[in-house]
There are 4 protein chains.
Amino acid sequence: MSKIMDGKGIRVGVLGATGTVGQRFITLLANHPFFIIHALGASARSAGKPYSKAANWKQTTPIPSIVRDIIVHECKPEHFENCTVVFSGLDAEVAGDIESAFRAADLAVFSNAKNYRRDPSVPLVVPLVNASHLSMIPQQQALHQPPLKRGFVLTNANCSTTGLVIPLHALEKSFGPIESCIVTTMQAISGGGYPGVPSLDIIDNVVPYIGGEEEKMEWEVLKILGGITQGDDGLKTFDMHARNPLRVSASCNRVPVIDGHMMTVSVRFARRPPPSPQHVREALVAFTPEAQSIGCPSAPVHAIFVHEDPDRPQPRLDRYYQDGAGVSVGRVRQCPVLDIKFVVLANNVSIGAATSSIINAELAISKGFVKAPSVQ
Amino acid sequence: MSKIMDGKGIRVGVLGATGTVGQRFITLLANHPFFIIHALGASARSAGKPYSKAANWKQTTPIPSIVRDIIVHECKPEHFENCTVVFSGLDAEVAGDIESAFRAADLAVFSNAKNYRRDPSVPLVVPLVNASHLSMIPQQQALHQPPLKRGFVLTNANCSTTGLVIPLHALEKSFGPIESCIVTTMQAISGGGYPGVPSLDIIDNVVPYIGGEEEKMEWEVLKILGGITQGDDGLKTFDMHARNPLRVSASCNRVPVIDGHMMTVSVRFARRPPPSPQHVREALVAFTPEAQSIGCPSAPVHAIFVHEDPDRPQPRLDRYYQDGAGVSVGRVRQCPVLDIKFVVLANNVSIGAATSSIINAELAISKGFVKAPSVQ
Amino acid sequence: MSKIMDGKGIRVGVLGATGTVGQRFITLLANHPFFIIHALGASARSAGKPYSKAANWKQTTPIPSIVRDIIVHECKPEHFENCTVVFSGLDAEVAGDIESAFRAADLAVFSNAKNYRRDPSVPLVVPLVNASHLSMIPQQQALHQPPLKRGFVLTNANCSTTGLVIPLHALEKSFGPIESCIVTTMQAISGGGYPGVPSLDIIDNVVPYIGGEEEKMEWEVLKILGGITQGDDGLKTFDMHARNPLRVSASCNRVPVIDGHMMTVSVRFARRPPPSPQHVREALVAFTPEAQSIGCPSAPVHAIFVHEDPDRPQPRLDRYYQDGAGVSVGRVRQCPVLDIKFVVLANNVSIGAATSSIINAELAISKGFVKAPSVQ
Amino acid sequence: MSKIMDGKGIRVGVLGATGTVGQRFITLLANHPFFIIHALGASARSAGKPYSKAANWKQTTPIPSIVRDIIVHECKPEHFENCTVVFSGLDAEVAGDIESAFRAADLAVFSNAKNYRRDPSVPLVVPLVNASHLSMIPQQQALHQPPLKRGFVLTNANCSTTGLVIPLHALEKSFGPIESCIVTTMQAISGGGYPGVPSLDIIDNVVPYIGGEEEKMEWEVLKILGGITQGDDGLKTFDMHARNPLRVSASCNRVPVIDGHMMTVSVRFARRPPPSPQHVREALVAFTPEAQSIGCPSAPVHAIFVHEDPDRPQPRLDRYYQDGAGVSVGRVRQCPVLDIKFVVLANNVSIGAATSSIINAELAISKGFVKAPSVQ
């Protein structure tokens, strides 16, 4: 890692810095052991202002002093050319063009937006699950016109997908392929951004629909839990879990919770007989992702906490587990219809968003996919 | 019906009259076309007081004037012997003994408590579903020691079971037996009674556990959707859907909603191919329960409303549909794992509780199972 | 009233019909004994569509069938010329110009918007308080260029002002002028319209600021509780309570409540000694506004309910009192600093908005200030 | 301080350790620089169990590992005789007798309960305000029968009182006596303990009454902001602000907020002319309590944060200021009736409860009022 560091650390930029995800990136990066916030990008309306004036700060901790006076720029690559890593918290409406331009300018972009998740050369990485997918980066660079030396786009997953695939991956590692999965989510309002969900729609209420969310979950799980195959032409493709077809059925709901996506999950394994609830619990507890063994500083010390109390996890009490980087599972028991059912809680603003991107960057650096800009 | 009415209507009593369910019984009965509130029962602490002093009234409509001055009695049969029908909103801790004593005193008891739901001679009736189960009443009376002329106990179902079985029954009527069902509930706090759920446990939170609720749902559905078989000895038994085994998997959650239980439901039919989502919608819309065709005054005019808007039903907007006696269904679509999935909303304090008991009594009267007390 | 009715009733139009206030107007007017919804106005985006398609209906009762198929027009007077009364639920951004154009077209406009509240010729009327201010209408018509025969604008008050002035007026009627008043509001989110308050801002939170609200309360109270004086030139002016100067200090807060504005109020009377809490309670109970004695059908039967229980009123339990047209007062007691303090609850979407405008129109009709359009 | 420390620190006990306040004491003490949790007391039901089994842990951070295995005792002095300091989070129902017994056993008790707040020899101390009242401790010990060497009881204030007196004290220091104060609180549910406020009472609601709270605020403010006078007999008495009579009028409300008491405050100063809002802001910012200058480790670095944004403070965003030990003030402006009005937010579970007791103990140690037990 030392090669790409200057004396102080690794310079990073944040796109969409004034938004909800951007604020979360900044909160986390301000305390990061080696990332240094170097440049902030937002809309033309914010450009030219010091960050403390540009952002309507809505975090429960104060604006980090180190960003208060950084002048916000428009999201153009020339303002970020000294950054080794660029984090994007941009909205989907603008993320596509901007991230593409940043990649073309040979910048390494770690995006929270959905725009490139379905791109066949862009890794969709939940850092506790499919770090191996980073191996697609060289092909993405090679296929770009013109080919890139340092630039690429790597995305994290939808916040509800993230909470689901972590335990599913742990189970597949121990018990082989999952064949089907029925999941019902109860998602926090912060998942909708700011201003996001109107209070009149959600106080004393549940909204049984989040536009596009179910499709994202049902598709993203396949890309993330699937592998990479290499064709006769040497080209790699994401196999979408095709060797062991997996069907996912998601029902997504918004509930009056600030942070923390809950979900009830039922799964059926391909292998018979399926594991017992106790075996499942043990496998989840034992799960150690590569991000942890490699020593990514933002990875959770324990990836999955398994609750024994029957009424846990709960968003309000458990969403801060491992600073939101870990996932909580509870109520592991037999499912009368499929094999096993359980409850998952994942912090949608941490591991479900900015934390994932940051660990992804740590992984990419550790694995040598990130190179320092020559201009630095 | 005229036979059992005196000049003014049919005298009814309410047990547990000061509690949450009791208050709901009173609100509904005060406006009933032929039930007349005649006696109110509660704990010894309330006995002797006028109802307006005994009850900590928590409804959004004022205490009906006709009950304000009724003196509350202890729940002993002698205070209710002039009642043709007794509704029980008692807590499970005391319902067992009291309802048993009332039945032994030859009183017809329509209970909201769980105590006798698993009794092999007690009908567990969701009035929009299995009115046919009332035919078990004569056997219950005959097997009692000593045999009863007028007394019996009939229970309604758990509030979350009720919301589930209404659409499932409508589907079985149209498309034959359901083979498996996975349901996740998001249940309102009023389902926990008063004081019930502490606010510290549920504001900005979801609790993924309600003691005993999943077991109730998984079992009660079988009794309600099943039929009655007659043995060689002439004895009838509830068949628990045994001719077409049905597996139900429930995950029950408490959410910060005042009234209205939401649930996401996936079902698989025995018959192949299964119906399309459009066929399912049509079958739900067309569903007309017997309670409606017989003309029970408290039955909903339309049993099931099928929403076309993708974000409905919602508890806050739709729980008052048909004064809470109807059920709302939305988002009918294919399930990638089972056949069909959809969302259900049922008002737990109306059709999920007191309203069901009242329609059950209307059904029992209409079918001749209720007889006026000789002392009246 | 008969003179201005055609055979069926009095034709009314609703401006801003698709918004929150407009939906409330429609809900109330659909059940009105003599108002007939005749025309609906909204933005160009909605124009040409049937109302059921144009409105994102968010009420807890279904869209009234009589408006489902009414084609929405733009808010131009030519589409409303057959209307005897026009209700405006327009947003302040557009209400000024549109209401002015409607008045110039000789239409009687009853507005919920703030734009003309400070106009020296426009009555600001809380119908249970200052119906006498309708006497300003002829002067408004006479001073208009050109003078108007039928057209005028009359506004209701801000929702929080409304809840405050009703008990204050009742007290002034019994005990003479109030000298000072300190009020803290806890206002419902529906007061902010839709989408209005973001859920991230208000769940598990209180926002101690509502833009412009305190200034409105401190000023509007003076105009409403004040009288009308006539100058030597024969011109009438609102005296702003000048004969007995009144100082009002308001602190306005938003709280996570759907409907119903609560406020704590302390008052000091000019007369010494001040009334006792018991005298205050009796005066509030006895208060009978003119709207009630005249027989306005939308006026509450009892204007003010005085609670004896120490923990009432509460928004969730008491906001539906008199269908939201009455006001609830509780906790009347001595104030150690001023004279008397108490709690007020007023339903901001009913008496605080549409209901007030409708009673105002009933008052204006009853007092002969509304004339049928000749074209009708 | 060194004299009373053993090698590791100062041993402390916690009474009511399993309750809400007790859990908060433990969370704070587990990270304290010199207090060492040595003994835990709770009811007979919990006695004999390890703390992790006895407590229904409801904090958002895990149970500190150092207390997991401590065996809980009954609240009897013999189990605490090695403790230099005893913190009491007991409920008022039992606190009176137990704290009295502990004092009689010569233990220094820092209590969060209300029982001894009105005792004429017990200091009622908000540590950022009236640390000088600790000087009453020797008289309390001397008047005890038999006189005490080390034992005493010192209480902190009610949570809502605490938030009020901190800015009031800062203002009196700068501008002289306050003459009158009208305060309306919007208090969090955690102030009611666990299970405390039923969710059915507070979701989508405001309860305008908290039993005894207004009386506490109106009285406690006088004792805390008042001085100590010495009579001719040498006896000290709390003067209840008598030299400059102060009238306080409180209206207390419960709102659906988890933690953080908000209040709107209007004050009138004795001195004319009163300070301007800008002077008030400056005085609040400049306020430095003795607890801070002495170096109490749990005292906030800044006691009062003054917000410039008009919509702050807000409980959800600002309650963690200074880990809940500081107070947030906003919206300082002129009051049309009294002189100045503003908004206060204080974290009721931190500075409003356990944090205050801990700083009080730090103050008492620093000032030499606490002595190590001889048996240690």
Side-chain angles (χ1 to χ4, degrees), chain C residues 179-186 188-189 200-211 214 218 246-266 268 307 309-317 319 330-331 333-338 341-345, chain D residues 179-186 188-189 200-211 214 218 246-266 268 307 309-317 319 330-331 333-338 341-345:
Chain C
E179 189 178 279
S180 50
C181 170
I182 294 188
V183 56
T184 290
T185 68
M186 293 165 279
I189 55 171
L200 277 171
D201 280 342
I202 200 64
I203 290 181
D204 183 19
N205 208 12
V206 170
V207 179
Y209 179 69
I210 302 173
E214 295 172 357
E218 295 179 357
L246 165 59
R247 290 172 301 158
V248 178
S249 174
S251 295
C252 293
N253 303 279
R254 188 76 74 194
V255 293
V257 166
I258 304 277
D259 289 326
H261 286 355
M262 289 280 280
M263 50 195 93
T264 62
V265 183
S266 284
R268 181 179 161 89
H307 287 267
D309 286 339
D311 62 349
R312 302 290 278 267
Q314 296 176 15
R316 196 170 79 74
L317 297 179
R319 63 193 168 202
R331 307 205 68 217
R333 59 211 194 283
Q334 280 185 314
C335 174
V337 174
L338 304 182
K341 60 182 170 180
F342 51 89
V343 172
V344 183
L345 169 71
Chain D
E179 190 178 280
S180 50
C181 170
I182 294 189
V183 56
T184 291
T185 68
M186 293 164 280
I189 55 172
L200 277 171
D201 280 342
I202 200 65
I203 289 182
D204 183 19
N205 209 13
V206 170
V207 179
Y209 178 70
I210 302 172
E214 296 172 357
E218 296 179 357
L246 165 59
R247 290 171 301 157
V248 178
S249 174
S251 294
C252 294
N253 303 278
R254 189 76 73 192
V255 294
V257 166
I258 304 277
D259 288 327
H261 287 356
M262 290 279 280
M263 49 195 94
T264 63
V265 183
S266 284
R268 182 179 160 89
H307 287 268
D309 288 339
D311 63 349
R312 301 290 277 268
Q314 295 177 15
R316 196 170 78 75
L317 297 179
R319 63 193 168 203
R331 307 206 66 218
R333 59 210 195 284
Q334 280 185 315
C335 174
V337 174
L338 304 182
K341 60 182 170 180
F342 51 87
V343 172
V344 184
L345 170 70

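Below, chain A is the first sequence line, B the second, and so on; all start at residue 1.
- Highest contact tally toward chain D, considering only C:Leu200, C:Ile189, C:Leu317, is held by C:Leu200 [criterion: heavy-atom pairs under 4.5 Å].
- The candidate with the highest count of non-hydrogen atom pairs below 4.5 Å against chain C, out of D:Asp204, D:Val257, D:Asp201, D:Val255, is D:Asp204.
- Judged by distance alone, with hydrogens and angles left aside, the side-chain atoms of C:Arg331 form no donor-acceptor pair with the main-chain N or O of D:Tyr209 at under 3.5 Å.
- Using a 4.5 Å cut-off between heavy atoms, D:Ser266 contacts chain C through its side chain alone, with no backbone atom that close.
- With chain D as partner, the option from C:Arg319, C:Arg316, C:Arg268 having the largest number of non-hydrogen pairs under 4.5 angstrom is C:Arg316.
- A pairwise comparison of heavy atoms in C:Thr264 and C:Met186 identifies CG2-CE, 4.1 Å as the closest pair.
- Per-residue heavy-atom pair counts under 4.5 Å with chain C were compared for D:Asp311, D:Thr184, D:Asn205, and the maximum is reached by D:Asn205.
- Taking a cutoff of 4.0 Å between a charged side-chain nitrogen and a carboxylate oxygen, C:Glu218 and D:Arg333 do not qualify as a salt bridge.
- When all heavy atoms are compared, the tightest approach of D:Gln334 to D:Lys341 is O-CE, 3.6 Å.
- Nearest heavy-atom pair, D:Gly260 versus D:Ala188, reported as atom, atom and distance to 0.1 Å: N-CB, 3.5 Å.
- Interface residue C:Ile203: only backbone heavy atoms are found under 4.5 Å from chain D.
- Among D:Gly211, D:Pro315, D:Cys181, D:Gly330, the residue with the largest count of heavy-atom pairs under 4.5 Å with chain C is D:Pro315.
- Considering all non-hydrogen atoms of both residues, C:Pro313 and C:Met262 come closest at O-CE, 3.3 Å.
- Summarising the geometry of C:Pro208 relative to D:Gln314, their closest heavy-atom pair is CD-CG, 4.0 Å, with the distance given to 0.1 Å.
- Across D:Ser180, D:Pro310, D:Cys335, the residue that shares the most heavy-atom pairs under 4.5 angstrom with chain C is D:Pro310.
- The contact between D:Val337 and chain C is made by backbone and side chain atoms together, counting heavy-atom distances below 4.5 Å.
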